[in-house]
Amino acid sequence: MELFLHSEGVEDPEIVAVEAEANVRMLAAETGRGGKVWVEEIDEEIDLDLTFEEAGIGHRHHVHLGRCHRVKVVVQFNATDFKHEYGPGTTIKKVYHWASGNKAADLSPEQTAKHVLALPGADHFLADGVHIGSLITPGTCEVTLNLMARDAFGG
Amino acid sequence: MTEVVMAPDERALRAHLASGRFQAGVEASRWRLISLEWPMAIIAVSAAPREGAPAEFAIRLELDGYPNTTPTGGIWDVENDVSLAAERRPKGERAAMLFRADAWVGGATAMYAPWDRIGLETHANWAHEAPRLAWHSQRDFTFILGNVHEVLNADDYLGV
């Protein structure tokens with residue numbers, strides 16, 4: 001079967017082929033990256049001695065491979081920093097829900113639809129499916145993001 | 001037997017079609033490849049449910065020179081193999097602008113956006129006014145699909 005494998009330092013997942021009966025550990029071993037494995041949107045890491053089947057990981061599921069158990073997220077908006085911690089397999093969609101919500105920037109529904117998250121200085125906005133653990137600053141378990149209005153064009 | 005060597009633009013496109021980024025969108029039902037007859041690709045992009053509106057719209061992209069040459073593409077009627085008629089195009093502030101069907105030069109075959117070649121050629125200011133939406137050669141066509149999907153799934157998309 002195939003998995004979408006998300007890793008540190010790369011926004012987009014790669015497709016890897018695994019056997020359902022293989023141990024989850026093989027992801028860390030065969031990619032040569034080491035680390036732990038998480039299922040997307042689940043904070044607890046997977047026991048590496050389980051098989052993919054035993055861990056409930058099926059064809060084309062999204063998993064995260066990394067070394068950070070928790071990721072400290074700082075969202076900058078209007079000169080204010082909002083902070084929260086997430087598991088590394090948390091998606092940008094979930095982070096945006098918090099960042100735009102009443103525990104952070106508290107945007108109106110209209111403003112929420114017009115804003116997005118981006119890495120500082122990046123030439124693109126972050127897609128919903130990007131894992132927060134893929135964006136960590138090298139050598140840390142931290143991510144700083146900008147909450148910003150979408151670029152406007154017209155005329 | 002003569003060996004056919006694939007040109008770099010087609011090879012790049014096919015690599016991006018096989019990438020995790022594109023395939024993750026397929027798996028999430030955000031988009032799907034309908035056909036690829038180089039240099040034209042037709043890709044369906046899903047839209048939010050709206051009464052009387054289709055679940056997806058097809059985009060016909062022209063990819064000659066990809067990715068160094070900015071792609072261009074318009075909304076497409078796959079059944080009749082023509083540009084989608086104005087009355088069947090998506091409505092709403094941004095969707096109607098993106099797929100405008102008025103006298104704009106690109107209306108029939110292009111998108112009114114900084115990720116489209118005709119859009120950029122007719123608006124030199126867009127590249128610096130909207131840098132996070134403008135095409136450059138380091139992008140892949142999934143960037144276009146992601147932006148189109150966002151417009152067709154936003155609250156201001158009103159159906160057809």
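Naming: A, B, ... by sequence-line order, numbering from 1 per chain.
No more than 12 heavy atoms of other residues, nucleotides or ligands shown are found within 6.0 angstrom of NE2 on A:H97. The local environment of CD in B:E93 is sparse, with at most 12 non-hydrogen atoms from other residues, nucleotides or ligands closer than 6.0 Å. With a 6.0 Å radius and a threshold of 12 heavy atoms from other residues, nucleotides or ligands, A:E19 has its CD atom at or below the threshold.
Atom NZ of residue A:K114 and atom CG of residue B:D155 lie 11.0 Å apart, to the nearest 0.5 angstrom. In this structure, CG in B:L133 is found 12.0 Å from NE2 in A:H124, a value given to the nearest 0.5 Å.
For A:E14, the salt bridge (charged side-chain N to carboxylate O under 4.0 Å, His left out) partners at least two apart in sequence or on another chain are A:R33.
Using a 4.5 Å cut-off on side-chain heavy atoms (C-beta onward), B:R132 and A:M148 make contact.
For residues 77-92 of chain B, heavy-atom neighbours of chain A at less than 4.5 Å comprise no residues at all. Contacts between residues 134-141 of chain B and chain A, defined by a heavy-atom separation under 4.5 Å, are made by B:H136, B:R139. Taking non-hydrogen atoms and a 4.5 Å limit, the residue list of residues 6-44 of chain B in contact with chain A, ordered by number, reads B:A18, B:S19, B:G20, B:R21, B:Q23, B:A24, B:E27, B:R30.
Linking ILVMFWY residues whenever their side-chain heavy atoms come closer than 4.5 Å, directly or via other members, leaves A:W38 and A:I136 in distinct clusters. Clustering ILVMFWY residues whenever any of their side-chain heavy atoms sit less than 4.5 angstrom apart, transitively, puts A:V24 in the very cluster that holds A:M26. Following chains of ILVMFWY side-chain contacts shorter than 4.5 Å, one can reach A:I42 starting from A:I57, so the two form part of one hydrophobic cluster. Both A:F82 and A:L119 are part of a single hydrophobic cluster, where members link through side-chain heavy atoms under 4.5 Å apart. With hydrophobic clusters built from ILVMFWY side chains whose heavy atoms lie under 4.5 angstrom apart, A:L126 does not share a cluster with B:I144.
With chain B as partner, the option from A:H62, A:R60, A:R150 having the largest number of non-hydrogen pairs under 4.5 angstrom is A:R60.
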